[in-house]
Amino acid sequence: MKNDRQEQILAIIAEESIETQEQLINRLQEKGIPSTQATISRDIKQLHLVKEPYGGGRYRYAVSAQKTKLNFADRLQIILRESIVDVDYAQSIVVLKTLPGLANAAASAFDGMDMPSKVGTLAGDDTVMIIMRSNESAKELCREISTMRK
């Protein structure tokens with residue numbers, strides 16, 4: 001139900017300019033999804049919605065440009081805590097060592113992230129290779145992962 005409601009919220013703000021939580025609640029009710037102000041407030045926070053200007057001194061809800069970055073950081077933190085044992089890189093390839101059996105889960109999480117500098121991933125049982133577009137992007141990803149692991 002929560003996922004359906006949040007998907008509808010994203011669809012609604014993509015289709016029309018929603019200025020208030022009350023407008024959003026009304027649109028959801030029109031679609032047969034009853035909601036409270038507290039629930040909508042939590043959804044707005046979880047979806048990383050922000051108010052952006054759209055003319056005439058008015059503001060509307062929109063998906064934050066930082067959403068991808070935030071989701072990337074959140075998901076990467078979970079992967080690091082749960083599975084990654086070591087990280088290194090060689091030229092444009094980042095190599096992650098994971099706990100046995102967790103490489104596929106880690107690779108899948110990386111596949112789901114919006115990383116323009118990533119070409120793809122390859123996973124074994126306890127090793128993930130992340131192929132990056134450049135040596136510098138591999139070095140930077142390795143540095144970010146190392147920093148997050150601390």
Side-chain angles (χ1 to χ4, degrees), residues 1-85 87 92-94 96 98-99 101-134 136-138 140-150:
M1 182 160 169
K2 174 183 168 182
N3 288 340
D4 292 338
R5 183 182 62 248
Q6 289 185 350
E7 285 178 23
Q8 284 298 318
I9 289 170
L10 293 173
I12 290 168
I13 67 170
E15 293 170 3
E16 60 183 290
S17 296
I18 299 293
E19 297 178 29
T20 66
Q21 290 182 8
E22 184 177 338
Q23 284 178 319
L24 193 52
I25 291 168
N26 291 338
R27 296 305 182 279
L28 286 168
Q29 286 176 345
E30 289 170 8
K31 293 180 179 277
I33 303 172
S35 300
T36 65
Q37 186 277 328
T39 300
I40 295 303
S41 184
R42 279 191 299 275
D43 288 339
I44 288 169
K45 183 176 181 180
Q46 290 173 352
L47 292 169
H48 305 288
L49 300 183
V50 295
K51 287 219 171 168
E52 68 177 12
Y54 74 102
R58 298 168 71 180
Y59 290 82
R60 67 178 173 199
Y61 283 105
V63 177
S64 169
Q66 296 295 316
K67 181 180 180 204
T68 302
K69 185 175 183 179
L70 291 169
N71 284 341
F72 172 79
D74 291 345
R75 291 176 74 183
L76 194 51
Q77 284 287 354
I78 292 168
I79 294 166
L80 292 173
R81 276 194 305 273
E82 301 299 325
S83 65
I84 296 175
V85 175
V87 60
S92 64
I93 298 173
V94 175
L96 302 175
T98 70
L99 294 172
L102 295 179
N104 278 308
S108 178
F110 277 98
D111 286 339
M113 295 177 194
D114 182 22
M115 298 171 52
S117 59
K118 178 190 75 196
V119 176
T121 62
L122 180 65
D125 182 60
D126 64 355
T127 305
V128 178
M129 292 174 52
I130 305 171
I131 297 90
M132 304 299 287
R133 296 198 181 281
S134 69
E136 186 57 38
S137 61
E140 180 61 27
L141 179 60
C142 189
R143 189 174 328 144
E144 288 177 19
I145 292 170
S146 293
T147 300
M148 288 178 165
R149 288 184 61 225
K150 294 180 182 178

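The shown structure was predicted, so the numbers you read here are calculated from the model rather than taken from an experiment.
- Shown here for Pro116 and Arg133, the closest heavy-atom pair between the two residues is O-NE, 3.1 Å.
- Checked by atom type, the side-chain pair Gln23/Tyr61 shows no donor-acceptor distance below 3.5 Å.
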Residue pair Leu47, Val63: steps toward the side chain to side chain contact (heavy atoms under 4.5 Å, CB included) verdict: CA-CA 7 Å; Leu47 292 169; Val63 177; over 6 Å; no

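- Under the 3.5 Å distance criterion, the side-chain polar atoms of Ser41 are left unmatched by any main-chain donor or acceptor of Gln37.
- Taking OG of Ser134 as the start and CG of Leu141 as the end, the distance is 10.5 Å to the nearest 0.5 Å.
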Set out, in order, the CA-CA distance, both residues' side-chain angles and the distance that settles side chain to side chain contact (heavy atoms under 4.5 Å, CB included) for Lys118 and Met132, then state yes or no. CA-CA 4 Å; Lys118 178 190 75 196; Met132 304 299 287; 4.2 Å; yes

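- Atom CG of residue Asp111 and atom CD1 of residue Ile130 lie 9.0 Å apart, to the nearest 0.5 angstrom.
- Closest of all the heavy-atom pairs between Ser35 and Arg5 is OG-CD, 3.3 Å.
- With rounding to the nearest 0.5 angstrom, the CD1 atom of Ile12 is 5.5 Å from the CG atom of Leu24.
- To the nearest 0.5 Å, the span separating CG on Leu96 from CG on Leu102 amounts to 12.0 Å.
- For Glu19, the CD atom is densely surrounded, since the number of other residues' heavy atoms within 6.0 Å is greater than 12.
- Proximity of a side-chain donor or acceptor of Thr147 to a complementary backbone N or O of Arg143 within less than 3.5 Å is detected.
- In this structure, Ile40 CD1 and Ile25 CD1 are separated by 5.5 Å, a value rounded to the nearest 0.5 Å.
- In terms of heavy-atom proximity, Ala103 sits nearest to Gly124 at CB-O, 3.2 Å.
- The CZ atom of Arg42 sits 8.5 Å away from atom NZ of Lys2, with the distance rounded to the nearest 0.5 Å.
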